[in-house]
Q: 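My questions all concern the structure below.
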2 protein chains.
Amino acid sequence: MTDFNPNASLPAPSIPGDALPPVEQHAQQYATVRNAHETELIEDYVELIGDLLAHRGEARAADIANRMAVSQATVSKMIRRLNELELVTSKPYRSLFLTEAGQKMAETSRARHDIVLHFLRALGVRDATARIDAEGMEHHVSDETLAIMQRFTEQQQKS
Amino acid sequence: MTDFNPNASLPAPSIPGDALPPVEQHAQQYATVRNAHETELIEDYVELIGDLLAHRGEARAADIANRMAVSQATVSKMIRRLNELELVTSKPYRSLFLTEAGQKMAETSRARHDIVLHFLRALGVRDATARIDAEGMEHHVSDETLAIMQRFTEQQQKS
DNA sequence: CAAACAGTTTAGCCTTGGCTAACAATATTG
DNA sequence: CAATATTGTTAGCCAAGGCTAAACTGTTTG
Ligand SMILES: [Mn+2]
Ligand SMILES: [Mn+2]
Ligand SMILES: [Mn+2]
Ligand SMILES: [Mn+2]
């Protein structure tokens with residue numbers, strides 16, 4: 001308390017909206033987001049490599065660069081990281097492949113991504129918009145919410 | 001095409017899930033996410049400062065550090081950035097305040113955040129989970145989806 | 001009113017994820 | 001099969017967003 005504040009301890013002015021959450025809970029919100037940001041790019045790479053392998057039979061660095069709209073140098077550097085994390089195997093000038101761990105991550109990410117995408121479409125969001133939103137949202141959806149989204153989509157499809 | 005691929009041009013194996021989107025559309029997805037990531041931390045700071053001002057009458061760097069679970073040094077550096085962006089005004093060792101532009105951003109972010117949070121609760125997500133998910137999702141929800149979320153929540157409340 | 005405490009800033013370090021430019025390897029094609 | 005085009009790598013740059021340690025300022029209290 002440094003600045004003079006005329007309303008410091010009055011009954012309660014016209015506070016709009018919800019109150020602030022308790023400090024620990026609030027901190028948890030931000031920490032969870034920071035955490036998601038550490039892994040989401042990795043997940044997107046692995047998921048994309050999995051998709052390219054499934055749909056095209058091979059995953060080349062140039063395809064990734066084009067699909068992500070990023071320079072080839074950026075992809076090359078990222079592949080080195082994925083290698084160090086033992087998520088992909090790569091021989092220079094050859095297609096990438098996923099390790100066991102990489103395949104597992106790709107499947108999990110793809111499943112999560114699809115649930116979010118299908119949910120948004122079931123909600124009534126146009127396909128192109130749903131795809132864009134899902135690409136970002138997928139990394140910030142808890143398992144609890146994911147389960148609810150899936151149920152919602154199934155309900156929707158029955159009717 | 002470098003690696004030998006026995007299925008290269010066969011009818012179409014057992015491709016699971018959706019096909020890959022066209023390259024340009026796919027690239028747009030990732031680009032939009034990268035874009036959101038550039039502004040989201042700024043938005044969270046401004047939104048939090050606005051909330052602290054509204055609910056506490058002042059916004060101190062130490063409060064922000066506690067609520068974000070981040071070091072005071074990190075906050076201090078960020079405040080310099082917010083100052084350069086002319087979103088906040090600050091005098092050394094005094095409470096922060098929002099500029100006009102800062103207030104506008106705070107309101108927009110808060111409104112968006114609330115719509116997402118209330119939507120998740122309306123869907124049936126538990127409050128604590130909804131708060132965590134909303135903190136991340138809010139930055140990746142298009143205006144189109146936001147409008148649909150808002151309508152959904154209102155419908156829910158009528159019934 | 002001096003000392004202790006709490007809050008703030010600065011300096012310097014690190015990792016991530018972008019970029020461009022230059023170079024190297026492979027693939028395609030006249 | 002040589003020239004060209006495509007693809008991949010490396011080096012070196014940058015900004016953002018974390019951190020710790022140390023210095024400084026303002027507030028509270030003995
Ligand atoms: Mn994805
Ligand atoms: Mn994604
Ligand atoms: Mn947020
Ligand atoms: Mn927010």
Side-chain angles (χ1 to χ4, degrees), chain A residues 1-5 8 23 27 30-46 48-49 52 56 58-85 87-97 136 139, chain B residues 1-5 8 23 27 30-46 48-49 52 56 58-85 87-97 136 139:
Chain A
M1 286 285 180
T2 299
D3 287 350
F4 174 67
N5 172 7
V23 178
Y30 296 113
T32 303
V33 172
R34 280 196 300 273
N35 223 53
H37 285 165
E38 276 179 25
T39 51
E40 67 176 85
L41 191 57
I42 299 283
E43 285 171 13
D44 281 343
Y45 267 85
V46 169
L48 176 55
I49 291 167
L52 287 170
R56 294 268 193 281
E58 62 173 13
R60 314 292 308 225
D63 300 346
I64 299 174
N66 285 330
R67 291 213 165 249
M68 291 210 170
V70 125
S71 77
Q72 292 195 347
T74 295
V75 172
S76 195
K77 200 199 274 193
M78 198 63 179
I79 289 171
R80 198 165 42 215
R81 250 194 96 200
L82 296 175
N83 244 303
E84 282 158 13
L85 294 171
L87 292 166
V88 311
T89 59
S90 66
K91 279 179 263 188
Y93 298 95
R94 291 288 177 278
S95 172
L96 300 167
F97 293 98
H139 311 282
Chain B
M1 283 283 181
T2 300
D3 287 348
F4 175 67
N5 173 6
V23 179
Y30 296 112
T32 303
V33 172
R34 281 196 299 272
N35 223 53
H37 285 163
E38 276 178 26
T39 50
E40 68 176 86
L41 190 56
I42 300 283
E43 285 171 13
D44 281 343
Y45 267 86
V46 168
L48 176 55
I49 292 168
L52 288 169
R56 295 268 194 281
E58 62 172 14
R60 314 293 308 221
D63 300 346
I64 298 173
N66 285 331
R67 292 211 165 249
M68 292 211 170
V70 126
S71 76
Q72 292 196 345
T74 295
V75 172
S76 195
K77 199 200 275 194
M78 198 64 180
I79 289 169
R80 198 166 42 217
R81 250 194 97 198
L82 297 175
N83 243 302
E84 282 158 13
L85 294 172
L87 292 166
V88 311
T89 59
S90 65
K91 279 179 262 188
Y93 300 94
R94 291 288 177 276
S95 172
L96 300 168
F97 294 98
H139 310 282

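A, B, ... follow the sequence lines: proteins, then strands. Residue 1 opens every chain. These numbers come from the heavy atoms of this one structure, side chains and all, not from hydrogens, waters or symmetry mates.
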Q: Apply side chain to side chain contact (heavy atoms under 4.5 Å, CB included) to residues Leu87(A) and Ile49(A) and explain how you reach the verdict.
A: CA-CA 10 Å; Leu87(A) 292 166; Ile49(A) 291 167; over 6 Å; no
Q: Given dG8(D), is OP1 or OP2 found less than 4.0 Å from the side-chain N or O atoms of Arg60(A)?
A: yes
Q: Contacts to DNA chain D from residues 69-85 of chain A, heavy-atom cutoff under 4.0 Å, which residues?
A: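 The answer is Gln72(A), Ala73(A), Ser76(A), Arg80(A).
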Q: In whole angstroms, how far is the P atom of dC19(C) from the CD atom of Glu38(B)?
A: 11 Å
Q: What is the distance from OH of Tyr45(B) to C1' of dG17(D), rounded to the nearest Å?
A: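 Taking OH of Tyr45(B) and C1' of dG17(D), I get 8 Å after rounding.
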Q: Could you give the distance from CG (Asp63(B)) to CG (Leu48(B)), rounded to the nearest 0.5 Å?
A: 8.5 Å
Q: Could you run down the sub-3.5 Å N/O contacts of the protein with nucleotides 22-24 of chain C?
A:
unit_1, atom_1, unit_2, atom_2, d
dA24(C), N3, Tyr93(A), OH, 3.3

Q: To the nearest Å, give me how far apart CG (Asp44(A)) and P (dG17(C)) are.
A: 11 Å
Q: Roughly, in whole Å, what's the span from CE in Met68(B) to C1' in dC19(D)?
A: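 After rounding, the reported distance stands at 17 Å.
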Q: Extract all donor-acceptor atom pairs below 3.5 Å that involve side chains of residues 74-84 of chain B and protein atoms in other chains or at least two apart in sequence.
A:
unit_1, atom_1, unit_2, atom_2, d
Thr74(B), OG1, Ser71(B), OG, 3.1
Asn83(B), ND2, Ser90(B), OG, 2.6

Q: Please name all residues satisfying side-chain contact (heavy atoms from CB on, under 4.5 Å) with Thr89(B), sequence neighbours left out, ordered by chain then number.
A: Phe97(B), Thr99(B)
Q: Whole Å only: how far is the NZ atom of Lys91(A) from the P atom of dA25(C)?
A: 18 Å
Q: Rounded off to whole Å, could you give me the CG-to-P distance for the Asp63(B) and dG7(C) pair?
A: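 The distance from CG of Asp63(B) to P of dG7(C) comes to 8 Å, rounded to the nearest Å.
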Q: For Leu96(A) and dG8(D), what is the distance between atoms CG and C1' respectively, to the nearest whole Å?
A: 11 Å
Q: What is the distance, rounded to the nearest whole Å, between atom CZ of Arg94(B) and atom P of dT27(D)?
A: 5 Å
Q: In Å and rounded to the nearest 0.5 Å, what is the CD to CG distance from Glu38(A) to Asn35(A)?
A: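 One finds 5.5 Å between CD of Glu38(A) and CG of Asn35(A).
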Q: Report the residues that fulfil side-chain contact (heavy atoms from CB on, under 4.5 Å) with Asp44(B), sequence neighbours left out, ordered by chain and then residue number.
A: Tyr30(A), Glu47(B), Met68(B), Glu135(B), Glu138(B), His139(B)
Q: Short question: side chain of Ser95(B), backbone of Ala59(B) - any donor-acceptor pair under 3.5 Å?
A: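 Yes: the side chain of Ser95(B) pairs with the backbone of Ala59(B).
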Q: Could you pull out all residues at least two apart from Ala62(B) that satisfy side-chain contact (heavy atoms from CB on, under 4.5 Å)?
A: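 Checked Ala62(B) against side-chain contact (heavy atoms from CB on, under 4.5 Å); matches are Gln72(B).
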Q: Measuring from atom OH of Tyr45(A) to atom CD of Glu40(A), what distance do you get when rounded to the nearest 0.5 angstrom?
A: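 Reported to 0.5 Å precision, the distance equals 12.5 Å.
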